S.K.: 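Submitted below is the structure of interest, expressed as structure tokens.
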Amino acid sequence: MILIAKERNKMSLNFIERINTSKELRQNLKLSHLTIEHVAIDLNTSVQKNQSNIRTRSRLT
């Protein structure tokens, strides 16, 4: 079976793992003293996607 590169890079997390990962992202962002914009640029992603990953889970913790 041949997988498209994008599909191979997907990570599947369960509910608890998503909460923990989001918490770690928030903590690491705070420790890094970087803005979410800098992180988005470095990771070649959007600010909105990063904010969604951080905020959505933060309401759960």
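Along the sequence shown, residues are numbered consecutively beginning with 1. Note that the structure is a prediction, hence the values are computed from the model and not measured.
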S.K.: Looking at Ala40 and Ser46, what are the two nearest heavy atoms and their distance?
M.R.: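 Minimum heavy-atom separation between Ala40 and Ser46: CB-C, 3.8 Å.
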S.K.: Examine distances only and state if a side-chain atom of Ser32 and a backbone atom of Leu29 form a donor-acceptor pair shorter than 3.5 Å.
M.R.: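 At least one qualifying donor-acceptor pair exists.
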S.K.: Decide whether Leu34 and Leu43 are clustered together by the hydrophobic rule: side chain heavy atoms of Ile, Leu, Val, Met, Phe, Trp, Tyr closer than 4.5 Å, transitively.
M.R.: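 As far as the 4.5 Å side-chain criterion goes, Leu43 and Leu34 are connected within one cluster.
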S.K.: Can you tell me how far apart CD1 (Ile41) and OG1 (Thr35) are? Round to the nearest 0.5 Å.
M.R.: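 Separation between the atoms: 7.0 Å.
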S.K.: To the closest 0.5 Å, what do you measure between NZ (Lys49) and CD1 (Ile36)?
M.R.: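 These two atoms lie 13.0 Å from each other.
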S.K.: Assess whether side-chain hydrogen bond (donor to acceptor under 3.5 Å, both in side chains) is satisfied between Ser22 and Arg18, documenting all intermediate values.
M.R.: CA-CA 6 Å; Ser22 180; Arg18 287 194 310 265; over 6 Å; no
S.K.: Please enumerate all residues that pass side chain to side chain contact (heavy atoms under 4.5 Å, CB included) together with Asn14, with sequence neighbours excluded.
M.R.: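 With neighbours one apart ignored, the set is Ile16, Glu17.
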S.K.: Give, for atom CG of Leu25 and atom NZ of Lys30, the distance between the pair rounded to the nearest 0.5 Å.
M.R.: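 Interatomic distance, Leu25 CG to Lys30 NZ, rounded to 0.5 Å: 15.0 Å.
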